[in-house]
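Structure record follows, encoded as structure tokens.
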Amino acid sequence: MEGVDKEKVQRIVYEMSKGSKYFVNEEKKEAYMKQKVNSMQAQLAKFTALDISHHQKIADKRIVELEATRDLSRIWLHVDMDAFYAAVETLCNPSLKGKPMAVGGMSMISTANYEARKFGVRAAMPGFIAHKLCPELIFVPVDFKKYTYYSDLTRKVFQKYDPNFLAASLDEAYLDITSYCNDKGMTAGEVAEELRESVYKETGLTCSAGVAPNRLLAKKSWLADVGKGNRKRGESTEDLIESPEIMDKAVRVCSDINKPNGQFVLPNERMAVMTFISSLPIRKIGGIGKVTENILNGVFGITTCEEMLQKSSFICALFSRTSADFFLSVGLGLGRTDMPQVTQRKSMSNERTFSPTEDEALIYQKLVDISENLSSDLKKQGFRGRTLTLKLKTSCFEVRTRAVTLPNYICSSEDILKHATKLLKAELPVSLRLMGLRMSHFSEGREGVAIDPKQKTLANFIVTENASGSGHEDQTLTESDINDDALAIRRETSFCSDKHEPCESVDFADTYQLPDHNQTDITYCHNEAENGGTFDLQIDDFRENVDNHDTVRGSTHLFPTGGGQLVDRDSSSGLIAESGPDKCKSTDDEAVFWLNDYQCSVCGIELPPSFVEERREHFDFHLAQRLQDEESSNINRNLKPKQR
DNA sequence: GCGGATCAC
DNA sequence: TATGGTGATCCGC
């Protein structure tokens, strides 16, 4: 931000932190990171010119394949409310207007208004440091009820532009405005203007919007700042200042940048995308955090997305296939353009920080509280799980987790406490500052969720004569039917096509889609060991960006399509159309389901008869998918936009 | 399946 | 005095 004395801020933060246990731990983490960089540098130094040219060929091929998946047909809009919590608080208490204010407390603040940011106050900064930076800073406690209320108001607006919009958090959303633009004959920029105006009218809050051909770019398209240094943890993305350099380039190809309360439109043209991405710092990309940035910069000297392509041979040489694909796609400005599947929650947790203690009675009491809290949350949502994870943070900020997977599903506080106590006892004596419990590995059904007897289950679906589901038309849906969790179907199954053992996890919900009757989508995982050891980075949301796998079967060559899906060229579309999802209507049909006893008639995936479990799961998957499709089409027919 | 690490908000 | 809570994912083992 303009007017921030960065050096002074840095000095104060350092003075306040120096010597603290937190700071010592941070230094430890940094040392670990440097070690990682050194180790990779050493690995890189071993490569011969021949190795590099080999990997360059692989990289070039991969870039061509990724480029072929580029889809410029959709218009995505990303909305982000400006300093949301702080703005809501000011709306509710206008006397705060114009004064530096932060939402949070002395130990941690959630967000700060723009007046406070001028002093260097940031989200995720401890309050006492913020107070030092800005003695007149007003602290307002967090109040999620308020933020949820205003968030709902904004979402009502978003709904008008894309009924299926994607809420990323209370203050962020993705909208596919392709249809809206076409129907209204408006440009994306005009739609963004109208939407922001409408949000302001409904809430009194301002927001910023980015428009681009994919979600990755839509989110980043108003974050363009070049050469402004790295974003620190907690520094809001809203703080970023646009540099004249990118402004010039971007404005030439796009429209204006203005933040806060601004918008930025990246046209659906490859040139515009490439120009935009060319000088975009890698840290701005979702999924590239502090560590990844340090590695890419420290090992390869990469600072901008464009350099990902320039260093593609090194990237392919040192990283796993998954990581390399992600980095290359970032360099190409590729991102997801489809609407992701609704996902079921996978875990639920409760954790609390307290003043450090080694008093075992006290620690045990905290565990009792946390068990009760977690149990209560689980019961509210009707979840039962069988993996319980205890999280501890020692007084020195070292984090440990200890997990147990039980033979049965539990949710009562007594059961949770019983197992959590066992996990904790093994760690005593210990001095702690945080404890938490996480439940995962949920059972399929949910307790406490009313089951509509008319709603089809897998079992009654199988015995239903007409699999297309006539008689669903009159079905009225209850609240529980439209619950996201109830609708979600997500399976994690591993296949390895050349070995009879699981390798990489393939998430069907994201990588797998039912064919649209004229193409077959196939995903395989590929166990590649290019040059002995590869380094793997953990790329969150990787599938947001790339959705591509290779086959290892010589007979079935796969070609990427524009939608990021893979198409089996050899598949007969007629065959698929003939033996589509309708095949999955009874267990008898499971035999017919496998063409030549090894190929799935719906999607074409190949699974030999020996893969009994996998085949069963695969069959179930299509069945479930089919059910889900039916349910959602019913919902779309019967629900008002609000319910949806 | 477990534990450590990374990331986003 | 004092550096969060929740959820997800990935990797090596």
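As the structure is a prediction and not an experimental result, all values here were calculated from the model. Just so it is clear: chains get the letters A, B, ... in the order the sequence lines come, proteins before strands, and each one is counted from 1.
When the P atom of B:dG3 is taken as reference, atom CG of A:Leu390 falls 10 Å away, rounded to whole Å. Look at CE on A:Met40: it is 13 Å from P on C:dC11, rounded to the nearest Å. At whole-Å resolution of the value, NZ in A:Lys29 and C1' in B:dG4 are 12 Å apart. A straight line from NE2 of A:His78 to P of B:dA8 spans 13 Å, rounded to a whole angstrom. Rounded to an integer number of Å, the gap from A:Arg402 CZ to B:dA5 P is 11 Å. For the pair A:Phe383 CZ and C:dG7 P, the computed distance is 10 Å after rounding to whole Å. The distance from atom CZ of A:Arg438 to atom P of B:dG1 is 16 Å, rounded to the nearest whole Å. The CZ-P distance, from A:Phe319 to C:dC10, rounds to 16 Å in whole Å.
Under the ring-ring contact (aromatic ring centres under 6.0 Å, His included) criterion, A:Phe119 pairs with no residue at all, not counting sequence neighbours. Not counting sequence neighbours, A:Ser375 has no partner by the side-chain hydrogen bond (donor to acceptor under 3.5 Å, both in side chains) test. For A:Glu307, there are no salt bridge (Lys or Arg N to Asp or Glu O under 4.0 Å) partners, not counting sequence neighbours. Every residue meeting the salt bridge (Lys or Arg N to Asp or Glu O under 4.0 Å) condition with A:Asp176, not counting sequence neighbours, appears here in chain and number order: A:Arg74. Taking A:Thr206 as the reference, A:Asp82 meet the side-chain hydrogen bond (donor to acceptor under 3.5 Å, both in side chains) condition, with sequence neighbours excluded. Remark: A:Gln365 engages A:Asp369 in a side-chain hydrogen bond (donor to acceptor under 3.5 Å, both in side chains) (not counting sequence neighbours). A search for side-chain hydrogen bond (donor to acceptor under 3.5 Å, both in side chains) contacts involving A:Ser107 returns nothing, not counting sequence neighbours.
With C:dC11, B:dT6, C:dG4 as the candidates, the nucleotide lying closest to the side chain of A:Ala124 is C:dG4. Of the candidate nucleotides C:dG5, B:dC7, B:dA8, C:dG5 has the atom nearest to the side chain of A:Leu434. For A:Val291, the side-chain atoms get nearest to B:dC7 when compared with the rest of B:dG3, B:dC7, C:dC11. Considering only the side chain of A:Lys36, B:dT6 comes nearest among B:dT6, B:dG3, C:dG5.
Taking CZ of A:Phe84 as the reference point, atom OG1 of A:Thr111 lies at 10.5 Å (rounded to 0.5 Å).
When the side-chain nitrogen and oxygen atoms of A:Arg386 are compared with OP1 and OP2 of B:dG1, one or more of them lie within a distance under 4.0 Å. In this structure, A:Lys393 reaches the C:dG4 phosphate: one of its side-chain N or O atoms is under 4.0 Å from OP1 or OP2. When the side-chain nitrogen and oxygen atoms of A:Thr405 are compared with OP1 and OP2 of B:dC2, one or more of them lie within a distance under 4.0 Å. The phosphate of B:dC9 (OP1 or OP2) has a side-chain N or O of A:Lys219 nearer than 4.0 angstrom. At the phosphate of B:dC7, OP1 or OP2 sits under 4.0 Å from a side-chain N or O atom of A:Thr292. An OP1 or OP2 oxygen of C:dT9 is reached within less than 4.0 angstrom by a side-chain nitrogen or oxygen of A:Lys346.
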Side-chain polar contacts of residues 24-31 of chain A - donor-acceptor pairs under 3.5 angstrom, sequence neighbours left out - could you list them?
residue, atom, partner, partner atom, Å
A:Asn25, ND2, A:Cys396, O, 3.3
A:Glu26, OE2, A:Lys29, NZ, 3.0

When the side chains of residues 130-142 of chain A are checked against the rest of the protein, which donor-acceptor pairs come out under 3.5 Å, sequence neighbours left out?
none

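Contacts of A:Ser17 with the nucleic acid, taken as non-hydrogen atoms under 4.0 Å apart, include base atoms. Within 4.0 Å (heavy atoms only), A:Ser20 reaches at least one base atom of the nucleic acid. When heavy atoms are screened at a 4.0 angstrom cut-off, A:Ile129 is found touching base atoms of the nucleic acid.
Between the side chain of A:Arg400 and the base of B:dG4, no donor-acceptor pair under 3.5 Å is found.
At a non-hydrogen distance threshold of 4.0 Å, A:Ser347, A:Met348, A:Ser349, A:Asn350, A:Glu351, A:Arg352, A:Thr353 from residues 347-357 of chain A come into contact with DNA chain C. Residues from residues 130-146 of chain A lying near DNA chain C, meaning a heavy-atom separation below 4.0 Å, are absent. Applying a 4.0 Å cut-off to non-hydrogen atoms, none of the residues of residues 422-430 of chain A approaches DNA chain B.
Checking A:Ala168 against A:Tyr32, the closest nucleotide of DNA chain B that is more toward the 5' end is the one next to A:Tyr32.
For A:Tyr14 and A:Phe23, the gap between ring centers is short of 6.0 Å.
With A:Tyr114 as the aromatic partner, A:Arg117 meets the cation-pi criteria of under 6.0 angstrom to the ring centre and within 45 degrees of the ring axis. Judged by the 6.0 Å distance and 45° axis criteria, A:Lys346 is not positioned over the aromatic ring of A:Phe442.
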